[in-house]
Amino acid sequence: MSVRFVLAVAGAALLGGFGLATPAAAHVLVQPDPVSAYTLTSGRLWSLVAALLGLIGVVIGGLALARSAGRIGTGNGRRGAIVALAAGLAGLVIGGLVVAAADGGPGTGYGIVGGFIALAVGLIAMALGGLALARSRRAG
């Protein structure tokens, strides 16, 4: 074997190795930075807004169901029940949109955990608002 042949094979091996590694390296360079647990992404923000709307609906629905109407509105809690239904529905819809738009699982920054929490809390708020509304219709 000649030295020229060995150098040509070694050069081709190096060129081929780097040529195959280049697309993989480019793919790694294009990946987004990993999201830390404390980074507030847009998905996490929207799931937080939805969960807070649902929580507001739960509190107002509970107050309307307990007939503490002096703090909410009319004597039978009807206005509080309607507010709880609206806040619960808003939390449910926004939470559902967050879950539907999420591309990854928990910890990816898409807010999927908060979206599921918002779905549950919004559903509870709607149930409390519906019970308070039904009770206010019977009483009135």
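Quick note: residue numbers are just sequence positions, from 1.
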Participant: Restricting to non-hydrogen atoms, name the atom on Ala132 and the atom on Ala81 that form the minimum distance, rounded to 0.1 Å.
Facilitator: CB-CB, 3.7 Å
Participant: Might you point out which heavy atoms bring Pro106 and Val113 nearest each other, and give the distance in Å?
Facilitator: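 Residues Pro106 and Val113, closest heavy atoms: CB-CG2, 3.7 Å.
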Participant: Name all residues meeting the side-chain contact (heavy atoms from CB on, under 4.5 Å) criterion together with Ala127; count only those two or more places apart in sequence or in a different chain, and write none if there are none.
Facilitator: none
Participant: Looking at every non-hydrogen atom in both residues, tell me the closest pair between Tyr110 and Ala102 and how far apart they are.
Facilitator: CB-CB, 3.8 Å
Participant: Are the side chains of Asp103 and Thr108 in touch, meaning some heavy atoms are under 4.5 Å apart?
Facilitator: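 No. Closest side-chain heavy atoms not under 4.5 Å.
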Participant: Determine whether Leu128 and Ile117 fall in the same hydrophobic cluster, where Ile, Leu, Val, Met, Phe, Trp and Tyr are linked whenever their side-chain heavy atoms lie under 4.5 Å apart.
Facilitator: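 Both belong to a single hydrophobic cluster.
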Participant: Specify the closest pair of heavy atoms between Gly88 and Ala125, including all atoms of both residues, with the distance to one decimal.
Facilitator: CA-CB, 3.7 Å
Participant: Below 3.5 Å, can you tabulate the donor-acceptor pairs from side chains in residues 40-58 to any protein atom, sequence neighbours excluded?
Facilitator:
from  : atom 1 : to     : atom 2 : distance (Å)
Thr41 : OG1    : Arg44  : N      : 3.4
Thr41 : OG1    : Gly109 : O      : 2.4
Arg44 : NH1    : Ser36  : O      : 3.0
Arg44 : NH1    : Thr39  : O      : 2.6
Ser47 : OG     : Gly43  : O      : 3.3
Ser47 : OG     : Arg44  : O      : 2.9

Participant: In the structure I gave you, are the side-chain heavy atoms of Leu123 and Leu119 within less than 4.5 Å of one another anywhere?
Facilitator: no
Participant: Can you list everything that forms a side-chain contact (heavy atoms from CB on, under 4.5 Å) with Leu89? Sequence neighbours excluded, please.
Facilitator: Val93, Met126
Participant: With a 4.5 Å cut-off on side-chain heavy-atom distances among I, L, V, M, F, W and Y, is there a chain of contacts connecting Val121 to Ile94?
Facilitator: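 Unlinked, Val121 and Ile94 end up in two clusters.
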Participant: What's the separation between atom CG in Leu131 and atom CG in Leu85, rounded to the nearest 0.5 Å?
Facilitator: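 The CG atom of Leu131 sits 9.5 Å away from the CG atom of Leu85.
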Participant: Please tell me if the side chains of Val98 and Ile112 come closer than 4.5 Å, counting only heavy atoms from C-beta onward.
Facilitator: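 They are not in contact (no side-chain heavy atoms under 4.5 Å apart), so the answer is no.
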